[in-house]
Every structure is written in structure tokens, then in C-alpha cells.
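Below is one structure, written out as C-alpha cells; comments come after it.
Numbers here are sequence positions counted from 1.
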Amino acid sequence: MPTILISNDDGVQAPGLLALKEALSAIADIMILAPERNWSASGHAKTMHKPFRIHEVTLADGTRAHSCSGGPTDCVALAVEGVLGTRPDLVVSGVNNGYNLGNDITYSGTVACAMEATIYGVPGIAVSTASGVTAQGDLKEIQAAAARYACDFAQKVLAQGLPADTLLNVNVPGIAPDAIKGIEVTRMGKRRYEDVLIRREDPFGRPYYWLGGANPIDLPDDGTDVGAIANGYVSITPISLDMTDYTFLKDLTQWKQTRHDI
């Protein structure tokens, strides 16, 4: 059987990770290496200046897994480099507690896991659904459904592979599983945040700040991941590591030709 590495950014004991393990165990041997704590919104952070600690842990169902003192991408890099004794054939990250839509992929540790795998030449899939706050139904059932969709996509990737430098970003609506309308292949949509800056003072009168707290503002266009979720469809988006804006290359070349010597 193939070997699948499961990781995440919510921490090794997150219920979404356990849901993935339960679904993917039917098609592969499973390795689990995930952060020992929550690293949500950590992006593609890499630990460079301190060592890692890896510990064997027990999940809620009794499954043996491994936690790491590093972040999500550290976990993937360590596993691909052989820290658990086997190089995975596929990396699946999630099920994340909260969607990763549009610009979220630049913040997401969940997506970063799949990116790190792709950099190493291992196929990567990131899987997300609604958070406990926004889910419209039983979150455990919703995460289990997301894991089943991930399993279907994983089987296809194991059989057919993915293009070089390409990962899959999967988002599953946070609604009752039987209310999901189907699957849409999508492009990245538009999601932005109007963060709120909160200034407070500590007991010594020194200022400190919170940034955040605002809900995302989505543009639910047809054909996008944001639109698919808004309309009750599973979104699967191919994400390329090549972020070059090819449509702007010609114009940028003209800038170079018309520059003035200083």
C-alpha cells in the first residue's frame, strides 16, 4: 500500500486530523507528524535556528502519532527527509478548522504543508471546512465528510499524480453532508479582511495591540473557490508554486527598456 503523511496547522490533537486518519486508513498506510500546538495562520514559516523535538503521542481513538515542536512545514520537511523512517507517497493536510479560500492560502499553515510537500516533489493536498463557529450543522459530521472527499481525491492523485509544482486546495462546505450539491473545479477567488486595530495598556501603562477580529469579506464569483462554497459545492483548486504574473511580463519588460540612467 502507498504511504500517506497527515499533518496540519491546528495541532496533532485536532479533531479534523483524526477525521482524515479515519478516512485515509482505508487506502494507505498512515504516518502522522503534526505540530504539538496550534499554528493557524503561520503561513510557510520555517524553523532555522533551533532544533526540533519529536514525541510519540496517542490520539483520541488510541492511534499512535507523532508531534513536533516545529511548525506545519517543518513537520512535512522532517517526514519527507525520513525522520519517521519512510518517505511518504502523498501528503494530506487538514481537515482545517476554517476555510482556506482566496488569499487565505498565503496565510494558511494547512496549505503550506501541501506546498512544502510539492517543493520536495511529493504530491500535496490541503483540505479545509468551516470552523466550529461558522459550521451549519454537526462539526464532527462535517469534518468526516470533508475527510471522505479528501480520500476520493487522494486515490485519484495516487493513481494519476499531479503536475510538477502543483498542489490541490480542497474546501468542503460546512453544511450537512447530504446538502452538498456536488464538486466544482475552481480558480482562486477574492477574500479580504478588514482587520481591527485594538490598543490597550498593560498594568504598567505600556501599550500593546491586538490585530484582527473582523469577519472575512468574500466576493462569491462563479467559478471561484469562494463562490463554490457560498453555493454549497465542494471546491477543488489547483495551486501552482509559480506565482509569476505572466500577463505583466511584457509590460514590465517595457519598463526596463524605457528606464533612464541615474
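- The OG1 atom of Thr224 sits 8.5 Å away from the CD atom of Glu184 when rounded to the nearest 0.5 Å.
- With a 6.0 Å radius and a threshold of 12 heavy atoms from other residues, nucleotides or ligands, Asp152 has its CG atom above the threshold.
- Atoms CG and OG1, from Leu241 and Thr166 in turn, are 7.0 Å apart once rounded to the nearest 0.5 Å.
- Judged by distance alone, the side chain of Ser69 and the main-chain N or O of Arg53 form a donor-acceptor pair under 3.5 Å.
- No more than 12 heavy atoms of other residues, nucleotides or ligands shown are found within 6.0 angstrom of NZ on Lys140.
- No hydrogens or angles considered: a donor-acceptor pair under 3.5 Å links the side chains of Asp9 and Thr110.
- Note that the CD atom of Glu22 and the CG atom of Leu18 stand 4.5 Å from one another [nearest 0.5 Å].
- Donor-acceptor pairing under 3.5 Å is recorded for the side chains of Thr237 and Thr186.
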With side-chain contact (heavy atoms from CB on, under 4.5 Å) as the criterion, how do Asp221 and Val226 come out once you've worked through the C-alpha distance, each side chain's angles and the decisive distance to 0.1 Å? CA-CA 7 Å; Asp221 288 342; Val226 175; over 6 Å; no
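- Going from atom CG of Leu90 over to atom CD1 of Ile4 covers 5.0 Å, rounded to the nearest 0.5 Å.
- In this structure, CD1 in Ile125 is found 10.5 Å from NZ in Lys156, a value given to the nearest 0.5 Å.
- Contact record, Ser40 with Asp10: OG-OD1, 3.0 Å, taken as the closest heavy-atom pair.
- When all heavy atoms of Ala154 and Ile27 are compared, the closest pair comes out as CB-CD1, 4.0 Å.
- In this structure, Leu139 and Gly132 approach most closely via the heavy-atom pair CD2-CA, 3.6 Å.
- Asp242 and Thr244 share a side-chain donor-acceptor pair at under 3.5 Å.
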Side-chain atoms of residues 73-87: list all donor-acceptor pairs with protein atoms under 3.5 Å, sequence neighbours left out, distances to 0.1 Å.
| from | atom 1 | to | atom 2 | distance (Å) |
| --- | --- | --- | --- | --- |
| Thr73 | OG1 | Ala45 | O | 2.4 |
| Asp74 | OD1 | Thr47 | N | 3.1 |
| Asp74 | OD2 | Thr47 | OG1 | 2.6 |
| Asp74 | OD2 | Gly71 | N | 2.8 |
| Arg87 | NH2 | Tyr120 | O | 2.9 |

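- Hydrophobic cluster membership differs between Leu167 and Tyr149, with clusters built from Ile, Leu, Val, Met, Phe, Trp and Tyr side chains linked at under 4.5 angstrom.
- Tested against Pro35, the residues Ser7, Ser67, Ser42 include a single side chain to side chain contact (heavy atoms under 4.5 Å, CB included) partner, Ser7.
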Full working for side-chain contact (heavy atoms from CB on, under 4.5 Å) between Lys21 and Asp61: CA-CA 10 Å; Lys21 173 261 166 184; Asp61 69 343; 3.0 Å; yes
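- The 12-atom threshold is exceeded at CE of Met1, counting heavy atoms of other residues, nucleotides or ligands nearer than 6.0 Å.
- Between Gln13 and Leu59 there is a side-chain heavy-atom pair separated by less than 4.5 Å.
- Smallest separation of non-hydrogen atoms from Leu162 and Pro123: CD1-CB, 4.1 Å.
- Counting only heavy atoms from C-beta outward, the side chains of Asn169 and Ile105 approach each other to under 4.5 Å.
- One distance of note links CZ of Arg199 with OH of Tyr208; it measures 10.5 Å at 0.5 Å rounding.
- Cluster membership for Leu168 and Val234, using ILVMFWY side-chain heavy atoms within less than 4.5 angstrom, is shared.
- Judged purely by atom type and a 3.5 angstrom limit, Asn231 has no side-chain atom pairing as donor or acceptor with the backbone of Tyr233.
- Distance alone, capped at 3.5 Å, places no donor-acceptor pair between the Asp225 side chain and the Leu101 backbone.
- Nearest heavy atom pair, residue Thr129 against residue Val172, reads OG1-O, 2.7 Å.
- Each of Met188 and Val170 belongs to its own hydrophobic cluster when Ile, Leu, Val, Met, Phe, Trp and Tyr are linked at side-chain heavy-atom distances under 4.5 angstrom.
- Val127 and Met31 sit in two unconnected hydrophobic clusters of ILVMFWY residues. Membership requires side-chain heavy atoms under 4.5 Å apart, directly or through other members.
- Side-chain N or O atoms of Asp165 include none that pairs as donor or acceptor with a backbone N or O of Ser240 at under 3.5 Å.
- Using a 4.0 Å cut-off between charged nitrogen and carboxylate oxygen, Arg191 and Asp104 count as a salt-bridge pair.
- The shortest heavy-atom contact between Asn97 and Ala130 is OD1-O, 3.9 Å.
- In terms of hydrophobic clustering, with Ile, Leu, Val, Met, Phe, Trp and Tyr side chains grouped at heavy-atom distances under 4.5 Å, Ile32 and Val92 are assigned to a common cluster.
- His44 places a side-chain heavy atom less than 4.5 Å from the side chain of Ile119.
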